[in-house]
Amino acid sequence: MKKKETYESKTPKVYKSPKLNQSNFGDFTHTDYLVYLMLLSKLGGVDKNGKYLQPEELKREHTLSAKEFGQMFKVAQPHSYVALKKAVNKLLKTDITVPEDGTNSYWRINVCSQAKYVKDEGKINIKFTDDIMPYLKQVKERFMVYNLADISNFKSIYATRLFELLQEFKETGWMIKSLDELRHSFSVGSKYTNYGHFKSRTIVPACEEINKNYHMKVRFEEIKDGKSVTAIKFIFKPVLVLKLINETTGETKTRFIKHEKKIIDITSQTKLTKLKSTDKKLKPAPKKIKKNGGWLSSVIKFFRKK
DNA sequence: AATTGGACGTATTTGCGACG
DNA sequence: CGTCGCAAATACGTCCAATT
């Protein structure tokens, strides 16, 4: 029954460097963005030993079918074709903007150099550019990976983006972003110049939607400089990190205890009023796990300095 | 004078079924 | 697999009155 040497993860995962994660994606609609993410999930990967593949080893050309897209995001059949078609246009026309380290400059890069919609087969072929590859380099520090399925229930792009941003800090439990950074990552452009509008139309609904789907308890505080808000501090339940040590071999492993997914009652889904804080608490992670084939584990929390 | 929050009308997206 | 077209849901721009 057990299968070894899997090259492709059964659950599609998105691999990104923080910079790519923080990038601005122009005028992608939510569906365009999902197509882009799904393509990214085909790009990254691990080898048979579970090691991340480095850019040189990655395949550049990928195919995405309307069917698999529809299944992943529960998009009705006819619509997924249209979605792919439109996304092809966007992917070719739009470039993404990535902040450069230590400066206020931005790089604008194209995601793909070729894209085609294969008629009668309902799929797209795209070829990623050289420019995006460095951002897929798997460096240990804060490299982020998450399951595509994790975001499949989000309806708004801001929820998706906020969720992605929070993934970088999932072990920390909080994240501070300046308004400018947020506006950049949310790609709002010149929209919502009024802070109140920005808040009520992006930050608040995004937090609500994430909490609707996960026991994550995201909330935020406004950080003010004088009277005006300049940054937002997001606070949420961090994931637990289990460090496993094999006493006999001295080998170590790391396990993450993710946020529990909420089960959404489909019957009441149409009009979800604000969820009361009767949410079940996260199952407390065991402080000690019994010896299990030589693996002894203890809970270690990691803190990261900002 | 400049900022904010609410409200409202319009434009854009999305969901869905019929159908070829 | 793919098109069409309509209805519902969201997103967005803008105006206005209250606030500082």
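Numbered from 1 within each chain, the chains take letters A, B, ... in sequence-line order.
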Atom CG of A:Asp27 and atom C1' of B:dT12 are separated, to the nearest Å, by 12 Å
Under a 4.0 Å threshold between the charged nitrogen and the carboxylate oxygen, would A:Lys42 count as salt-bridged to A:Glu68? yes
Is A:Lys93 salt-bridged to A:Asp27, cutoff N-O under 4.0 Å? no
Ionic contact status for A:Glu164 with A:Arg161, cut-off 4.0 Å: yes
Between A:Asp120 (CG) and B:dG20 (C1'), how many Å, whole number? 13 Å
Between the side chain of A:Thr129 and the main-chain N/O of A:Asn110, is any donor-acceptor distance below 3.5 Å? yes
Take atom NE2 of A:His197 and atom C1' of B:dA7, then tell me their distance rounded to the nearest Å. 9 Å
With heavy atoms under 4.0 Å as the rule, sort A:Asn194 into base, sugar-phosphate or nothing. base
Could you tell me whether the phosphate oxygens of B:dT13, OP1 or OP2, come under 4.0 Å of any side-chain nitrogen or oxygen in A:Thr31? no
Salt bridge A:Glu100-A:Lys19, side-chain N to carboxylate O under 4.0 Å: no
Separation of B:dT3 atom C1' from A:Tyr192 atom OH, nearest Å, is 19 Å
By the 4.0 Å heavy-atom rule, please label A:Lys85 as base, sugar-phosphate, or nothing. sugar-phosphate
Quiz item: cation-pi between A:Lys85 and A:Tyr117, 6.0 Å / 45°: yes
What nucleic acid atoms does A:Lys227 come within less than 4.0 Å of, heavy atoms only: base, sugar-phosphate, or nothing? sugar-phosphate
How is A:Phe73 classified with respect to the nucleic acid when contacts are heavy atoms under 4.0 Å: base, sugar-phosphate, or nothing? nothing
Reading DNA chain C from 5' to 3', where do the contacts with chain A start and stop? Cut-off is 4.0 Å to heavy atoms. C:dC1 to C:dT20
How many Å lie between CG on A:Asp32 and P on B:dT13, as a whole number? 9 Å
Could you name each residue pair satisfying ring-ring contact (aromatic ring centres under 6.0 Å, His included) that touches residues 55-81 of chain A, not counting sequence neighbours? A:Phe69-A:Phe73
Between B:dT14 (P) and A:Lys155 (NZ): distance, integer Å: 12 Å
Fit a plane to each ring of A:Tyr158 and A:Tyr192, take the angle between them on a 0 to 90° scale, and name the class: parallel (under 30°), tilted (30 to 60°) or perpendicular (over 60°). perpendicular
What bend angle does the helix from B:dA1-C:dT20 to B:dG20-C:dC1 show across its length, from five-pair end axes and to the nearest 10 degrees? 30°
How long is the line joining CZ of A:Phe198 and P of B:dG5, in whole Å? 14 Å
Applying a 4.0 Å non-hydrogen cut-off, can you work out what A:Ser228 is touching in the nucleic acid: base, sugar-phosphate, or nothing? nothing
With rounding to the nearest 0.5 Å, note down the distance linking CD in A:Glu208 to OG in A:Ser156. 10.5 Å
Regarding A:Arg219 and the six-membered ring of A:Phe234, is the cationic atom NZ or CZ under 6.0 Å from the ring centre and inside 45° of its axis? no
What nucleic acid atoms does A:Tyr158 come within less than 4.0 Å of, heavy atoms only: base, sugar-phosphate, or nothing? sugar-phosphate
Whole angstroms only, please: what is the CZ-C1' distance between A:Arg201 and B:dA11? 13 Å
